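A short write-up of the structure that comes next.
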Amino acid sequence: MPELPEVETTRRGIVSMAQAQPLVEMTVRERRLRWPIAPTLPSALAETTLVDCHRRGKYLLMRFDPAGTLLVHLGMSGSIRTVPVDSLWRAHDHVQWHFANGTCLRYHDPRRFGAIIWHPAAAGQATEHPLLARLGVEPFDAAFTVDHLLAGLKGKKVAIKQALLAGHIVVGVGNIYASESLFRARVHPQQAAGEVSKPQAARLVVAIRETLTDALDSGGSTLRDYVNSSGEPGAYFTLHAAVYEKQDKPCPVCERKIRRVVQGQRATYFCPGCQRLRKPNPARKTANNPKKP
DNA sequence: CTTTAACCCTGGAGGC
DNA sequence: TGCCTCCAGGGTTAAA
């Protein structure tokens, strides 16, 4: 289940293995991903060089000069790993990029929720693509501030957990890290987004960054060669999960039983002791905004 | 506009 | 042992 840290680790692996490499051949064995891979894609990439690989949210932006940019999403079961040249295709290996230095990158995705989309524009202009246009700010960007978060949550009745998960305010907070970040920030996942206070929002900004940083650091140490290995993806995260999939287990802070609820058809885990519902205070709001109808 | 739910897909777990 | 059902996940899309 690739979340932002795994995507970033994959990006770093791609850069270290194949940056500045001319493409020898792109092979497509299975076109039926989330959207079908265009049959013309391999020929469009002929005679190009992978000059860089960026990341936007959970999208990888592989820039092939001079043709354009390949948007790659790993969905929930996708991975990109190196394989030896001419190695056998395993089940669910769908795409391969063979580079001049001998590196072969294999796209593997059992559930085919991922996507490989061709965008004939440079990576710098790839934000114009409809799939990237509405993404929120990067969690490690300076633009991800308390005020930005509060502005995004303002007036929203949806639960804070779902607001974070939607990715319109900040990207990279998947289902696992949403629960973990809210726990760290001591914010109840079912609290209305618009009722999140400034101190709560401030804690969330810090908590989201810390949660992602911790996972990324773990990935960096235990999955240093993530792209260049056949190890178990995602296995490291459970070592650090305080609440995710820990229902009925004691909270590491207060030892109350972790609860599991469903929000938007997705599981949420939280500690009923540490994460309290904050009571709304409508009187204060109207007093500060007398002009609002 | 906002909010909710269905959908895409397969592997694994649990029930019988 | 096998067959059935359910669940997990991201994110787009359609519907309310």
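Because the structure is predicted, anything quoted here is derived from the model rather than measured.
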Minimum heavy-atom distance between Phe99(A) and Gln21(A), given as atom pair plus value | CD2-O, 3.6 Å

Considering all heavy atoms, the nearest Ala143(A)-Val137(A) contact = CB-CG1, 4.1 Å

Tell me which nucleotide among dT12(C), dG10(C), dA8(C) gets nearest to the side chain of Glu3(A).
-> dG10(C)

Between [N] atom [atom2] and [X] atom [atom1], what is the distance in whole Å?
{"X": "His168(A)", "N": "dT13(C)", "atom1": "NE2", "atom2": "P", "answer": "12 Å"}
{"X": "Gln263(A)", "N": "dG11(C)", "atom1": "CD", "atom2": "P", "answer": "17 Å"}
{"X": "Leu135(A)", "N": "dG11(C)", "atom1": "CG", "atom2": "P", "answer": "8 Å"}
{"X": "Gln247(A)", "N": "dC7(C)", "atom1": "CD", "atom2": "P", "answer": "13 Å"}
{"X": "Asp109(A)", "N": "dA8(C)", "atom1": "CG", "atom2": "P", "answer": "19 Å"}
{"X": "Met76(A)", "N": "dT12(C)", "atom1": "CE", "atom2": "C1'", "answer": "17 Å"}

With sequence neighbours excluded, what pairs up with [X] under the side chain to side chain contact (heavy atoms under 4.5 Å, CB included) test?
{"X": "Ile37(A)", "answer": "Val28(A), Arg31(A), Leu33(A), Leu41(A), Val95(A), Ile116(A)"}
{"X": "Ser16(A)", "answer": "none"}
{"X": "Val206(A)", "answer": "Glu210(A)"}
{"X": "Val146(A)", "answer": "Leu150(A), Lys198(A), Ala201(A), Ala202(A), Val205(A)"}

Got a sec, which hydrophobics cluster with Phe270(A), joining ILVMFWY side chains under 4.5 Å apart, including via others?
-> Val261(A)

List in chain and number order the residues that pass salt bridge (charged side-chain N to carboxylate O under 4.0 Å, His left out) with Lys58(A), two or more places apart in sequence or in another chain; answer none if no residue qualifies.
-> Glu3(A)

For Arg106(A), check salt bridge (charged side-chain N to carboxylate O under 4.0 Å, His left out) against everything at least two apart and list the hits.
-> Asp93(A)

Sequence neighbours excluded, which residues qualify as side-chain hydrogen bond (donor to acceptor under 3.5 Å, both in side chains) partners of Arg111(A)?
-> none

Set of residues satisfying side-chain hydrogen bond (donor to acceptor under 3.5 Å, both in side chains) with respect to Arg186(A), sequence neighbours excluded = none

When every nucleotide of nucleotides 8-14 of chain B is labelled 5' to 3' by its protein contacts under 4.0 Å (heavy atoms), B for base, S for sugar-phosphate only, - for none, what sequence of letters results?
-> BBBS---

Look at the side-chain N and O atoms of Tyr59(A) and state whether any lies under 4.0 Å from the OP1 or OP2 oxygen of dT12(C).
-> yes

Does His73(A) put a side-chain nitrogen or oxygen below 4.0 Å from OP1 or OP2 of dG11(C)?
-> yes

To the nearest 10 degrees, the angle between the two end axes of the helix from dT2(B)-dA16(C) to dC16(B)-dG2(C) (five pairs per end) comes to 50°

Within the structure shown, what part of the strands sits under 4.0 Å from Leu131(A) by heavy-atom distance: base, sugar-phosphate, or nothing?
-> sugar-phosphate

Atom pairs under 3.5 Å: protein N/O with N/O of nucleotides 4-6 of chain B:
unit_1	atom_1	unit_2	atom_2	d
dA6(B)	OP2	Gln265(A)	NE2	2.9

